[in-house]
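Residue numbers begin at 1 in each chain, while the letters A, B, ... track the order of the sequences.
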Number of protein chains: 2
Amino acid sequence: MAIPRAAKTLRRTRIQEEKEEQILEAALDVFSVSGFRGSTIDQIAEVAGMSKPNLLYYFRTKEAMHRALIDRVLYNWLEPLRAFDAEGDPEAEIRSYIRRKLEMARDFPRESRLFANEMLQGAPHVLDMLKGPLKELVDEKAAVIRTWIKSGKIARCDPYHLIFSIWSTTQHYADFDVQVRAVLGEEHSGDGRFEDAARFLEQLFIGGLRPDGSGA
Amino acid sequence: MAIPRAAKTLRRTRIQEEKEEQILEAALDVFSVSGFRGSTIDQIAEVAGMSKPNLLYYFRTKEAMHRALIDRVLYNWLEPLRAFDAEGDPEAEIRSYIRRKLEMARDFPRESRLFANEMLQGAPHVLDMLKGPLKELVDEKAAVIRTWIKSGKIARCDPYHLIFSIWSTTQHYADFDVQVRAVLGEEHSGDGRFEDAARFLEQLFIGGLRPDGSGA
DNA sequence: GGATAATTTGACCGATTGGTAAACATTACA
DNA sequence: TGTAATGTTTACCAATCGGTCAAATTATCC
């Protein structure tokens, strides 16, 4: 008889590691496209190449699978913002933040869509994280931006909306990929659009945040 | 006996107008949150306050409901971009485009989420529209922006990515509303955030697009 | 008011949903 | 190699899914 699944987390087998990995990979495929409600266990099982009961042996419910997936993906997703450094040069920091976020949109579009789906549905599974850890992290980085403003290194602006606009512009290339490609046309649907986007966004944010009295 | 439904479009009753309106309103509620796959006819029927077979009397399938909803919402959704005027002053045009898109995010968030859901799922129901009419419209407006660049009224930049970034930053306040509110906190979750966003985005885009040799 | 068309509903259908039970197969380890 | 724990599968369940049907109800128009 199998031990109760609650105990599974105590000692993890090689098989457990592999299968759970395999399942979460398939779950990411499915959840990121159809959202939680629109996805079915059967779909995920098929993508994962195993039977539904086998899948449910590792994750007792659809909820548990979704939660495990979000938990695993969340930490890496916030890494670029965490790397935002108070000590660095504002212009370089903003540039590199945009670059990193765009790279993630290019290399991990499913993760981006997973969160986008969750947001559209009102964030039923991550609302506490948004109000807690995420808000704290953003508050912290907003404070950094405010010191840059106070020292005159960048223009006066609302740091929260600055962060929102970097999020939205970069994630757009993952979440709305199909629209971007349709509008750009077949010939510009290679990865070159990410380089073009990076160039444009750097120009936009660096120019838009240049302190009043500087340069020109 | 009721006439075949194909004939319904020939002469429309008062009741038909009202009920179809009522159904599409409920469908917008449901589809915009859960997407096509994640929404059920029963849900929509309940929100609309009528029985499922009654609902299916007006729209034969879930697909038909979704298609009718998209068709109805699409025209208005593209109106701000259509209003983008070649004759106007670039700065004023961009300002007013941002304002209008933000107003739509505030006043029609469900419509925004309906499209966002559709995009995340790969636009199965609107791909032709994206590649056809939408692309043509954007091409046209991109040409307008290029004339502004050529005449030195705004900085050199990629007009497509400029449009993408206005779309993404403004729609963010509808699609990611729950995240925006969570990060800003309870106290900043009134409609004031749209005014703050407008101020920031105007500053960002006007500053970011200022031609090299001008001002400051 | 009566005929006729339009609308609404309850009962129902087969397919799919999330999930379970138990038999069966495999692995790890003494 | 035996055996207990782990892993997998087949068969199944009740609930929900999209959708149909025929009967009942309501509106329209002469």
Side-chain angles (χ1 to χ4, degrees), chain A residues 1-27 29-31 33-69 121 124-125, chain B residues 1-27 29-31 33-69 121 124-125:
Chain A
M1 177 185 51
I3 53 173
R5 268 169 281 220
K8 255 195 6 204
T9 43
L10 296 180
R11 300 186 211 148
R12 296 176 34 117
T13 327
R14 195 199 76 246
I15 294 183
Q16 273 176 32
E17 302 272 6
E18 288 175 7
K19 290 295 166 105
E20 286 177 11
E21 164 70 31
Q22 203 179 334
I23 291 168
L24 291 181
E25 172 70 19
D29 256 22
V30 175
F31 281 135
V33 169
S34 303
F36 182 75
R37 290 219 43 179
S39 303
T40 71
I41 301 182
D42 296 82
Q43 262 180 297
I44 297 169
E46 193 188 333
V47 173
M50 56 180 89
S51 68
K52 178 166 64 169
N54 194 8
L55 193 148
L56 286 164
Y57 173 75
Y58 292 100
F59 298 96
R60 273 191 300 218
T61 63
K62 193 167 97 165
E63 282 265 350
M65 261 174 51
H66 191 254
R67 188 163 38 246
L69 181 59
Q121 283 160 38
H125 304 100
Chain B
M1 178 185 49
I3 54 174
R5 268 170 280 221
K8 257 198 0 206
T9 42
L10 296 180
R11 300 186 209 148
R12 296 177 31 119
T13 325
R14 197 199 74 245
I15 293 183
Q16 272 176 32
E17 302 270 8
E18 289 174 6
K19 290 294 166 113
E20 286 176 12
E21 164 71 32
Q22 205 179 123
I23 291 168
L24 290 181
E25 171 70 19
D29 256 22
V30 175
F31 281 135
V33 170
S34 304
F36 182 76
R37 289 218 43 177
S39 303
T40 71
I41 301 182
D42 295 82
Q43 263 182 294
I44 297 169
E46 194 188 332
V47 173
M50 57 180 88
S51 68
K52 178 166 64 171
N54 194 9
L55 195 146
L56 286 164
Y57 172 74
Y58 292 101
F59 298 94
R60 273 191 298 217
T61 64
K62 193 167 97 165
E63 282 265 349
M65 262 174 49
H66 191 255
R67 188 163 38 244
L69 181 59
Q121 283 159 40
H125 305 100

Nearest-Å distance, CG (B:L55) to P (C:dT8)? 11 Å
Rounded distance in Å - NZ (B:K52) to P (D:dC21): 15 Å
From CG of B:D42 over to C1' of C:dA11, roughly how many Å is that when rounded to an integer? 14 Å
State whether A:S51 places a side-chain N or O below 4.0 Å from either non-bridging phosphate oxygen (OP1 or OP2) of D:dT8. no
How long is the line joining CD of A:E18 and C1' of C:dT26, in whole Å? 14 Å
Stretch residues 33-41 of chain B: residues that reach within less than 4.0 Å of DNA chain D through a heavy atom: B:S39, B:T40, B:I41
Sorted by chain and number, sequence neighbours left out, salt bridge (Lys or Arg N to Asp or Glu O under 4.0 Å) with A:K52 holds for A:D42
List for me each residue that meets salt bridge (Lys or Arg N to Asp or Glu O under 4.0 Å) alongside A:E25, sequence neighbours excluded, and say none if there are none. A:R110
Is any side-chain N or O of A:Q16 closer than 4.0 Å to OP1 or OP2 of D:dT6? no
With sequence neighbours left out, write down each residue that passes salt bridge (Lys or Arg N to Asp or Glu O under 4.0 Å) with A:E46, or none if nothing qualifies. none
May I ask you to verify if any side-chain N or O of B:N54 is less than 4.0 angstrom from the OP1 or OP2 atom of C:dT7? no
If I take atom CD in residue B:E46 and atom P in nucleotide D:dT16, what distance separates them, rounded to the nearest angstrom? 12 Å
Got a sec, which residues hit side-chain contact (heavy atoms from CB on, under 4.5 Å) with B:S39, two or more places apart in sequence or on another chain? B:V30, B:F31, B:S34, B:Q43
A:Q22: side chain to side chain donor-acceptor pair (under 3.5 Å) partners, not counting sequence neighbours: none
Are B:T40 and A:R37 close enough that some pair of their side-chain heavy atoms sits under 4.5 Å apart? yes
Is there side-chain contact between B:E20 and B:F59, with at least one heavy-atom pair below 4.5 Å? yes
Looking for any heavy atom pair under 4.0 Å, which part of the strands does B:K19 touch: base, sugar-phosphate only, or nothing? sugar-phosphate
Side chain of B:P53 only, please: which of D:dG7, D:dT20, D:dG18 is the nearest? D:dT20
The side chain of B:Y58 is closest to which nucleotide in this list: C:dG19, C:dT8, D:dG7? C:dT8
Take atom CD of B:E17 and atom P of D:dA27, then tell me their distance rounded to the nearest Å. 17 Å
In whole Å, I'd like the distance from the OH atom of A:Y57 to the C1' atom of C:dT27. 11 Å
To the nearest angstrom, how far is B:L56 atom CG from C:dC13 atom P? 18 Å
